Protein chains: 2
Amino acid sequence: MKLTTKSEYTLLALIHLARHGERGYVKIEDICEAHSIPKKYLEILFSVLRQGGYINTRRGSAGGYMLARPAAEITLAEIIRLMDGALAPTESVSKYFFSDTPLAKEKKMIAVLGEIRDYIAGRLEQLTLVDVV
Amino acid sequence: MKLTTKSEYTLLALIHLARHGERGYVKIEDICEAHSIPKKYLEILFSVLRQGGYINTRRGSAGGYMLARPAAEITLAEIIRLMDGALAPTESVSKYFFSDTPLAKEKKMIAVLGEIRDYIAGRLEQLTLVDVV
DNA sequence: CTCCTTGTCTATTGACATGATAGACAAATT
DNA sequence: AATTTGTCTATCATGTCAATAGACAAGGAG
């Protein structure tokens, strides 16, 4: 499991959008100023969110970004997976990538790590943006 | 939290030593062959373990490596911390590094991540080498 | 219709960590 | 003395993270 500034900035920005709610589009610069995020960097992260269908955009003045789905339907797990990859501590215990890691043959290690993965995934899949706003 | 091949190779090697038990020193090459670990790379990892007091060494023929402490007293948590750093998902929820991360001001996020950290740390601190041999 | 505002795209960068390798050196056993 | 093994220093390729720059496209305001 990885949790880089990609996920962190993204979650911050999404929380910002969730707080702003239905009151129209939010300019990227407002978000960046509020949380000290480099503008050009957040643009890249937002382009991933847009392609993932999480946000709607509008250009021109009065343009900006807005949540495309209800905050209650966006889980922390999917955002982190989208930005930083699988939640498993190591590849060999990821549900979707059964590629070999050095530990792959140590069944007890795999069991331990799998258990931790299940906890992390379970917890983060329960939580949505509304829980952290 | 990070779990790279450093921790993975190290855990594998320690498990190997634990299985060999009191039956004398184990050559690094035997370990490498058994688990497909690059020899020169494992040497580096072993030097960290030695400086940490986890293994004893002996040179010359019939030399090699041996656990310096009972396997039951070596937790998975300390090995992973030694090789890959803190167990917390992100710096801002690490017990020892309260440095600022972007999420630092979002109390609910910190609570969630702290909870996950506590679970991971608790689990890995309970488990020792004998549990995974 | 034109200007201004804002998002979109392509690319490039520096810093750092990971994973690995090579070779000289030191110590202990036979 | 010869052989075996660990120890040390150094270097390397690759990839990711984090950030920045600049040209371009689209929409709204006047």
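Reminder, nothing fancy here: chain letters follow the sequence lines and each chain counts from 1. Note that the structure is predicted; figures quoted are calculated from it, not measured.
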Show your reasoning for whether side chain to side chain contact (heavy atoms under 4.5 Å, CB included) applies to Met109(B) and Leu76(A). CA-CA 10 Å; Met109(B) 281 300 309; Leu76(A) 301 189; 4.0 Å; yes
With sugar-phosphate meaning primed atoms plus P, OP1 and OP2, does Thr5(A) contact a base, only sugar-phosphate, or nothing at under 4.0 Å between heavy atoms? sugar-phosphate
Side-chain donor-acceptor distances from residues 17-32 of chain A under 3.5 Å, at least two apart:
from: Arg19(A); atom 1: NH1; to: Glu106(B); atom 2: OE2; distance (Å): 3.3
from: Arg19(A); atom 1: NH2; to: Glu106(B); atom 2: OE1; distance (Å): 3.0
from: Arg23(A); atom 1: NE; to: His20(A); atom 2: O; distance (Å): 3.2
from: Arg23(A); atom 1: NH2; to: Arg19(A); atom 2: O; distance (Å): 3.2
from: Arg23(A); atom 1: NH2; to: His20(A); atom 2: O; distance (Å): 3.4

Given DNA chain D, 5'-ward residue of the pair Gly60(B) and Ser47(B), judged by closest heavy atom: Gly60(B)
What about Met66(B) and Tyr9(B), same hydrophobic cluster or not, with Ile/Leu/Val/Met/Phe/Trp/Tyr joined at side-chain heavy-atom distances under 4.5 Å? no
Looking at the base of dA26(C), is there any donor atom on it, or on the side chain of Arg59(B), that sits under 3.5 Å from an acceptor on the other one? yes
Under 3.5 Å, which donor-acceptor pairs link side chains of residues 44-56 of chain A to any protein atom two or more places apart or in another chain?
from: Ser47(A); atom 1: OG; to: Ile44(A); atom 2: O; distance (Å): 3.0
from: Tyr54(A); atom 1: OH; to: Glu78(A); atom 2: OE1; distance (Å): 2.8

For DNA chain C, whose closest nucleotide is more 5', that of Arg58(B) or that of Arg50(A)? Arg50(A)
With rounding to the nearest 0.5 angstrom, report the OG1 to CG distance, Thr75(A) to Leu127(A). 9.0 Å
Assign Phe46(B) to base, sugar-phosphate, or nothing according to its heavy-atom contacts below 4.0 angstrom with the strands shown. nothing
Under the rule for side chain to side chain donor-acceptor pair (under 3.5 Å), what residues qualify as partners of Gln126(A), not counting sequence neighbours? Arg123(A)
Could you tell me the boundaries of the chain B footprint on DNA chain D, defined by atoms under 4.0 Å from its heavy atoms? dT4(D) to dC8(D)
With sequence neighbours left out, the residues meeting ring pair (Phe, Tyr, Trp, His ring centres under 6.0 Å) with His35(B) are His16(B)
Minimum heavy-atom distance Ala72(B)-Thr128(B), with the two atoms named: O-CG2, 3.1 Å
At less than 4.0 Å, is any side-chain N or O atom of Thr4(B) found next to OP1 or OP2 of dG19(C)? Yes or no. yes
Sub-4.0 Å heavy-atom contacts from residues 14-44 of chain A onto DNA chain D, ordered by number: Pro38(A), Lys40(A), Tyr41(A), Ile44(A)
